[in-house]
Amino acid sequence: MNSSKLNEQIYAYLGFHSVERSEEVDAEISKCLDELKELAHFRYTYKFFSALPDFLLCEPYTEYLRGSSGVIVAVMTLGCEVDARIKFYGRTDAAKSLVLDAAASAYLEYLSDEYEKTLGENLSYRFCPGYGGSSVEDLKHIFEILSPEKIGVTLSETNYMLPSKSMAGIIAVGGKAKKSCKNCIVYEHCNLRKGGAKCYGSEKL
Amino acid sequence: MLRLGEVVTVFDGGMGSELEKLGFCGCPEDLNITHPEVIKKIHLSYSSADCIMTNTFGLNKIKYKGGYGIKELALKAVENARVAGKKVIFDIGPTGAMIEPLGTLTFDEAYEAFAEIVEYTKDIVDGYIAETFSDLYEMKACILAIKEHSDKPVFATMTFDTTGRTLTGSTPEIVANTLEGLGVDALGVNCSAGPKELEGVVERFLKCSGVPVMVQPNRGLPVLKDGRTEYILDIEEFDFYIDKFIRNGVAVVGGCCGTTPEFIKKISRFSGQKVKPRNVERATVVNSATKAVNISGVKICGERLNPTGKKKLKEALISENYDFLVDEAVAQQEAGADVLDLNVGLPQLDEKSVIVKAVRKVQEFVDLPLQIDSSESEAIAQGVRYYNGVPLINSVNGETEVMDAIFPIAKKYGAVVLGLTMDSRGVPKTAKERFAIAKRIVERAESYGIPRHKVMIDTLVLTASAEQKLVKETVEALRLVQSLGVKTALGVSNVSFGLPNRGLLNKTFLTMAMTCGLNMPIMNPLDGEMTGAVKAFGVLSGTDENAESYIDIYKDYTGTVSALKTVKEEKTLDAKSLYDCIKKGIKSQAAELCLRELETADPMTVVNDVLIKALEEVGKLYDGGKLFLPQLVSSAEAAKCAFAVVCERLPKGAAKKAVIVLATVKGDVHDIGKNIVKVVLQSYGYEVIDLGKDVPPQTVADACLKHKPFAVGLSALMTTTVKGMEETVSAIKNAGCSCAVFVGGAVLNSEIAKKIGADYYTKDALECVKTLDKLLLK
């Protein structure tokens, strides 16, 4: 595992970007990652479509999918044990709970990226409902298509997924989509961006 | 009649995959009415099976979103399945919503959804199958709903992943212990994967299940072919594994996703074959959803969740502050307890409703099995019903009325019962008399269908100061009752009442009792001497093989005896003073350093000159980007610990600044931000009433009326829940509460805050405290 990149991501989630890293937090992160390796049950479910499902026939999906030959619709999760542990630490060690929460988010991204490398060539990045002005309501369509209850992921009436360390999104096959902050909902007041970083990677602006 | 367990029974195969083949997608349940001929044709094609499952997997009011009535569909589905001329088993799948505490669906809501469909169909089906469940708690709700509305056979199967656990972490042993206890007729695994991948899980079920084992695998693992998922395992290989399962003792077989009528036709050759008898090892096992504890050797039952003689816990329970209870539970788990006794009996409380809340709260944070402890049978029934697993019941005694009240509850829910060797005449003096009562208890339990491995006996400890001669009778009775084939328990610390150096007597008595076969001391696990004695006994009696667990705990032992936890995890960071300790965020030393500080300074000086000053410095560093959020939170936690110590020295409430109500609003379950605000507020001396997450607007308004807070803080993370926040603000204002409304969370800013009618937006916990402090001064 590329732990330096993973650590950077965790620091970003914890809101440390302009600050020097601390040895204590470094140690805590590494403990949390060890714990996650034991605790997490990474599961991934997906379907491939060469003809786009209806809900993708509008912006911003069409722009993201421009030039692609198909799309993968996917849901992934670390499982409910991680949620339970974060909650447990909320009672015994709130600071650790915070670090574990951030580490779990980064770990899920990392495992998903790795898994997607096995799905084929020329895959774009994951684009999730809520990005670029799309509506989180679209999660409903993804859930209809995949029934991710099978991997233990559920969707509430108000569109949050449980376990909380779960993601749902689409991946363009082919195409030339590039990540961008432009249409992000917090574009105006994003602290990461002000600090010269991005939430989705370490590339400088 | 089905001769389950005697001869092999064959169920049908995949329905969804057959429908997909015919080009049907969308809601499969609706097809019962829109295309009955298609459904009938599929059922008919499976008529080589003994049992046909109705096409009703998603038919419950939580999951079903189609346009027909549930009753109408259920009746029609049964009629369609009848066409095959075989037994019709009504199919029930999960609700698709996550049940609490992981999700927000309540146990009762799930129960009602399942009860509704059973009520409609109880007279027209031959049995029920609850299948593809991944959450044991939801399965329990479903089994209870079926069994409380019908007396037809119940089949129950869950899905497992490659690590041999359900998606919510239950092992086959836990599933079998729980479902067998609830009285299902067959249990096992379905879906999940192909027969080959399920071999391990099936083998484990066969070893531990006292009822027939059922397997309905998929047609192997799906492969992606031209962008479509396909099942490609061939019939011969499927049949090979089914044959193997049956030769190992499986009693009910069938197919799941991808299997076709040809598969079922092939395996129908096993129908009517004699089921191979199995040797099932019966042990006294209690379990939560994720942890099973076999009461053998010595297991520690923590006694601290009991308000008797504990003023703080008593106050906390009366004011419905369950945080305190949870903290006690967590502390005992960390100190090495295996089971936790839970008692909420107080004259001021409605025990049967409080026990349910307490069970829910404790099982949310602690995965140890619970012992439901009450003298009221109704409270026991409620506690056991809402417990997610197989609990212990504390207790019955030799009185017939008591046994007749409690045994039916234990039988219904599959709980293990603790029997006390006393009756209406009190505790008999001799070991022989106590043995006689134990025998009576065990036999009466058997007449209720409760086997001996579900009974434990407590031979009762009397105090050595009053009844010195009887101490050895208790121990002798332990030795005697083992011949009944039951495990034993004792509330050991009673022995030392009224004598000096109680710890020494307790430890010595514990050792005596363990030598004579005590399996479960009920004791204080935070007492490192006692817990240590149990660990040492494990080495000396040979149950702790190669002393592994002992060495693991004591490898860094340096000579100080305290709770096990501190032996395990000695913090290396050392603080010189309380100020330093808060600044560095060392929670474990805060209380002690605070006591030291209080030797020379009065409590309010400690608050103002040390705690607040240290927090201010930490705050400045954080604001200046010199400290990270986890470090800020660590400092706040340390300050909170110190603050609790200071409060002990002050008249009640004197140091508390004001009451603040906090909630994550309806529709949102992200509570990490709210929890940070909570810790920081507490560290500054605010009293926080935490309503939790996904809190309905009216609940927040009611809490404001009840607690009359100085301010209420609302949190939301998602754009979609800003609406929920707006409704909550209106509910508070409409209820006539004048408290200031604070809002925060990733999607908010001062503009949105103003728009939805909130009084203050603060960007983080620190700003929230500062704003509140300023407001208080006004």
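Residue numbers start from 1 in every chain, and the chains themselves are labelled A, B, ... in the order their sequence lines are given, proteins ahead of strands. Heavy-atom basis, side chains included; hydrogens, waters and symmetry copies ignored. Worth saying up front: this structure is predicted, and the values here are computed from it rather than measured.
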Just verifying a value: how many Å separate [X] [atom1] and [Y] [atom2], rounded to the nearest 0.5 Å?
X: B:Met98; Y: A:Tyr160; atom1: CE; atom2: OH; value: 10.0 Å
X: A:His41; Y: B:Thr163; atom1: NE2; atom2: OG1; value: 3.5 Å
X: B:Lys666; Y: A:Thr158; atom1: NZ; atom2: OG1; value: 7.5 Å
X: B:Leu105; Y: A:Leu162; atom1: CG; atom2: CG; value: 11.0 Å
X: A:Glu28; Y: B:Gln631; atom1: CD; atom2: CD; value: 10.5 Å

Q: Evaluate the side-chain proximity of B:Thr290 to A:Glu81: yes if any heavy-atom separation is below 4.5 Å, no if none is.
A: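 Contact flag for A:Glu81/B:Thr290 side chains = no.
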Q: Check whether any side-chain heavy atom of B:Ile672 sits under 4.5 Å from a side-chain heavy atom of A:Leu98, and report yes or no.
A: yes
Q.
Only pairs of heavy atoms separated by less than 4.5 Å count here; which of A:Thr92, A:Asp83, A:Val99 has the most with chain B?
A. A:Thr92
Q) So which of A:Gly90, A:Ala94, A:Ser164 has the biggest tally of heavy-atom pairs under 4.5 Å with chain B? A)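 Looking at each of A:Gly90, A:Ala94, A:Ser164 in turn, A:Ala94 comes out on top.
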What residue in [options] has the most heavy-atom pairs under 4.5 Å with chain A?
options: B:Asp671, B:Asp323, B:Asp135, B:Thr162; value: B:Asp323
options: B:Thr168, B:Thr166, B:Val679; value: B:Thr168
options: B:Lys678, B:His670, B:Glu364; value: B:Glu364
options: B:Asp161, B:Val366, B:Asp367; value: B:Asp161

**Q.** Under 4.5 Å from a heavy atom of chain B, the part of A:Arg85 involved
**A.**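 No part of A:Arg85 comes within 4.5 Å of chain B.
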Q) So which part of A:Thr77 gets closer than 4.5 Å to some heavy atom of chain B, the side chain, the backbone, both or neither? A) neither
**Q.** Residue B:Lys583 excluded, over 12 heavy atoms near NZ under 6.0 Å
**A.** no
**Q.** Atom NZ of B:Lys723: over 12 foreign heavy atoms under 6.0 Å
**A.** no
What part of [X] gets within 4.5 angstrom of chain A, counting heavy atoms only: side chain, backbone, both, or neither?
X: B:Pro101; result: both
X: B:Thr159; result: neither
X: B:Lys65; result: side chain
X: B:Lys693; result: side chain

(Q) Does anything in residues 150-157 of chain A reach chain B? List residues with heavy atoms under 4.5 Å apart, or say none. (A)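 The list, in residue order, reads A:Lys150, A:Ile151, A:Gly152, A:Thr154, A:Glu157.
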Q | Positions in residues 136-147 of chain A that reach chain B, provided some heavy atom is under 4.5 Å away | A |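 From residues 136-147 of chain A, the residues near chain B are A:Val136.
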Please name the pair of heavy atoms, one in [X] and one in [Y], separated by the smallest distance, quoted to 0.1 Å.
X: B:Val326; Y: A:Arg91; answer: CB-NH2, 3.5 Å
X: B:Phe365; Y: A:Phe88; answer: O-CD1, 3.0 Å
X: B:Ser634; Y: A:Ala95; answer: OG-CB, 3.1 Å
X: A:Cys80; Y: B:Leu167; answer: SG-O, 3.3 Å

